[in-house]
Amino acid sequence: MQKFQSVRGMHDILPEEIPQWREVEETFRRVCARANFSEIRTPVLEHTDLFARASGESSDVVVTKQMYSFDGLDGDSYTLRPEGTASVVRSFLQHSLGERGPVTKLFYIFPIFRYEAPGAGRYRQHHQCGIELLGASGPSADAEVLALARDFLNELGVFPTLKLNTLGTRESRRAYVEALRAHLEPNRERLSEDSKRRFELNPLRIFDSKEPRDHEALVGAPRLLDHVREHDAESSKHFDELCGFLDELEIPFEIDHNLVRGFDYYSRTAFEWVSDKLGAQSTVLGGGRYDGLVEELGGKPTPGIGFGCGIERLLLVRAASEAPPIEAERLTAFVVALGNAAKAAAPRLVRAVRQSGLSCDYDLATRAFRKQMDEANRSKARFALIVGDDELAQNAVALKDLDEGTQTMLSLTEACQLMKK
RNA sequence: GCGAUGGUAGCUCAGUUGGUUAGAGCGUCGGAUUGUGGUUCCGAAGGUCGUGGGUUCGAGACCCAUUCAUCGCCCCA
């Protein structure tokens, strides 16, 4: 008989892990709702063209073929979403969400797929929660997004470091890329293989490299921020104003001159929250401004900014931190039935307790009294509701507090009232 | 895609230079115990030793391949 296994890089989330997942999701929904963001859910599958167009030809996701793409029966190519933003913007355009007002604030929680080598904190299917803020170009929008991200992380008891940089506009970056190429040209042959490829397609990404030889080549290279300061007054002002907002909001950050982004559509603000608890994969939450994307996807020019946060990584960071573990909600009552009459009455009793709004369970294996008590104990129930011939005769139940060991005889209604507080 | 390490019961692991019938703790199930749980005692079930091939009289151990996981490179959340 064949043994079935989940596919490589894709993992089950087991019952004992669910409470912490729910905690993350509920915290995120709460923080988003407070800031007036609305949830959006989009299909896992999109036309491949959407991601190819959104990411740009030079994006690593496209170049290194990390997309889960396949041909449908109709001959079209489909892809499991490798990122959230493109799907959300597609939906934004398809349903003209931008016509409802100047600013659109959306959030999502959904799985992401990338065909890459799995490792700790890196999966072929992982989950991201994120937001997209469309229609606002000013630095206050950036501050809004960063403040939300920070509150979300902190409320989960996680305190990574915020790194910030500016990429300038698409136009000003063009000149920077040429300057960077000019600087790297003499050392071009000494670059790593990946960086040689990047030199042609997207030299910015060489900053991401951890290869020492690439870093040597970058010594003395012009810095993005300096270039923006000198040639892009608008972006420079935007960056300064954002830093001012962050100071006012008391959100600490570090400027990281090597911080660039994988997708072509990013402009100006780029940021990442990084943790030293994740090994090679240090980014917990990352995002930035993408003022050119909506137009690229066929909409009218619309600024946008957002982030994506990897839930698996967030949980890894949280587990390695001081934050208290998240416990499952406790079962309130466990019914213990003694004798045939009581066992026959048990389903009705259990249902009555549940209908009163309390959680309640009982032993469906109908075992000996002792075993039922064992089961009540194991279920971590707060109370045992014991029913035998005596109780049936008096139309009552014995309510036992399993933490205290105390026990009282009373009517079912009284017992329910007592358990509710 | 590349390199390193690992895979023995549900879980955590032991298993001597290659030598009879592969063990422990925890957990599970049953009993002591059909009117009171957590403790204790007794017993049982549970393994094609990741998978496939090879070497050998003999492989959990050695060799090759493969798969999955972990760590690093790469890339990203």
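Each chain gets a letter, A, B and so on, in the order the sequences are listed, and its residues count up from 1.
- Checking G35(B), C68(B), A77(B) against every side-chain atom of Y123(A), the shortest atom distance belongs to A77(B).
- With rounding to whole Å, Q372(A) atom CD is found 11 Å from G35(B) atom C1'.
- Base pairing of U16(B): no nucleotide in any strand meets the Watson-Crick or G-U wobble criterion (both distances under 3.5 Å).
- A gap of 15 Å separates the P atoms of A22(B) and G50(B), to the nearest Å.
- Base pairing annotation: U66(B) forms a Watson-Crick or G-U wobble pair with G50(B), both donor-acceptor distances under 3.5 Å.
- If you check C68(B), A77(B), G37(B) against the side chain of L402(A), the one that comes closest is G37(B).
- For H47(A) and Y78(A), the distance between ring centers is under 6.0 angstrom.
- Atom-to-atom, CD of Q394(A) to C1' of G35(B) comes out at 14 Å; the value is rounded to the nearest Å.
- The same atom, C1', is picked in A59(B) and in A69(B); the two are 24 Å apart, to the nearest Å.
- Shown here, G72(B) forms a base pair with C2(B); the pair counts as Watson-Crick or G-U wobble because both key distances fall under 3.5 Å.
- Within 4.0 Å of G308(A), counting heavy atoms only, lie sugar-phosphate atoms of the nucleic acid but no base atom.
- The base of G35(B) lies close enough to the side chain of E391(A) for a donor and an acceptor atom to sit less than 3.5 Å apart.
- Across the C1' atoms, G25(B) and A14(B) are found 11 Å apart, a figure rounded to whole Å.
- In this structure, I386(A) reaches the bases: a heavy-atom distance under 4.0 Å links it to at least one base atom across the strands shown.
- Under a cut-off of 6.0 angstrom, the local environment of CZ in R348(A) is sparse, with at most 12 non-hydrogen atoms contributed by other residues, nucleotides or ligands.
- The pair E25(A)-R22(A) does not count as a salt bridge, with every side-chain nitrogen at least 4.0 angstrom from each carboxylate oxygen.
- The residue among H127(A) and G9(A) whose nearest nucleotide of RNA chain B is located toward the 5' end is G9(A).
- For Q5(A) and C68(B), the CD to C1' distance is 6 Å, given to the nearest whole Å.
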Exercise for review: List the protein contact pattern of nucleotides 25-30 of chain B with one symbol per nucleotide (5' to 3'): B for base contact, S for sugar-phosphate-only contact, - for none; contact means a heavy-atom distance under 4.0 Å.
Suggested key: ---SSS

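- As a whole-Å value, the separation of D389(A) CG from U36(B) P is 14 Å.
- In a base pair of the Watson-Crick type (N1 to N3 plus N6-O4 or O6-N4) or a G-U wobble (N1-O2 and O6-N3), with each distance short of 3.5 Å, G25(B) is matched with C11(B).
- To the nearest whole angstrom, the two P atoms, one in G19(B) and one in G38(B), are 44 Å apart.
- The side-chain tip of R81(A) points at the ring of F110(A) from less than 6.0 angstrom away and within 45° of straight on.
- Under 4.0 Å is where a charged nitrogen must lie from a carboxylate oxygen, and between R90(A) and D49(A) no such pair does.
- In this structure, M409(A) atom CE and U36(B) atom C1' are separated by 13 Å, rounded to whole Å.
- OP1 and OP2 of U67(B) both lie 4.0 Å or more from every side-chain N or O belonging to R8(A).
- Using C1' as the reference atom, G18(B) and U70(B) are 29 Å apart when rounded to the nearest Å.
- Ion pair R30(A)/E155(A) flagged as a salt bridge, since at least one NZ, NE, NH1 or NH2 atom sits closer than 4.0 Å to an Asp/Glu carboxylate oxygen.
- Base pairing of U39(B): no nucleotide in any strand meets the Watson-Crick or G-U wobble criterion (both distances under 3.5 Å).
- Between K371(A) and D363(A) there is no salt bridge, since no side-chain nitrogen of the basic residue lies less than 4.0 Å from a carboxylate oxygen of the acidic one.
- As judged by a 4.0 angstrom heavy-atom cut-off over every strand, G405(A) is placed among the base-contacting residues.
- Nucleic acid contact class of A117(A) (heavy atoms, under 4.0 Å, all strands): base.
- If you look at Y362(A) and F334(A), their ring centroids are not closer than 6.0 Å.
- Separation of the P atoms belonging to U56(B) and U51(B) is 23 Å when rounded to the nearest angstrom.
- OP1 or OP2 of G37(B) has at least one side-chain nitrogen or oxygen of R370(A) nearer than 4.0 Å.
- For the pair R122(A) CZ and C68(B) P, the computed distance is 15 Å after rounding to whole Å.
- Contact of Q407(A) with U36(B) (side chain to base): a donor-acceptor pair of N or O atoms is detected under 3.5 Å.
- The nearest whole Å value for the distance from the CG atom in L14(A) to the C1' atom in C11(B) is 13 Å.
- Here R29(A) does not pair with E26(A) in a salt bridge; the nearest charged N to carboxylate O distance is not below 4.0 Å.
- Taking only side-chain atoms of F369(A), from C-beta outward, the nucleotide of U36(B), A69(B), U34(B) with the closest atom is U36(B).
- Rounded to a whole angstrom, the distance from the P atom of C26(B) to that of U21(B) is 28 Å.
- The partner of U56(B) cannot be assigned: no Watson-Crick or G-U wobble pair with both contacts below 3.5 Å exists in any strand.
- C68(B) atom C1' lies 10 Å from atom NE2 of H11(A), rounded to whole Å.
- Nucleotides G37(B) and G43(B) place their P atoms 23 Å apart, quoted to the nearest Å.
- Taking the side chain of P118(A) as heavy atoms from C-beta on, and the options A77(B), A69(B), U36(B), the nearest nucleotide is A69(B).
- Counted by atom type alone, D142(A) and T269(A) present one or more donor-acceptor pairs between their side chains at under 3.5 Å.
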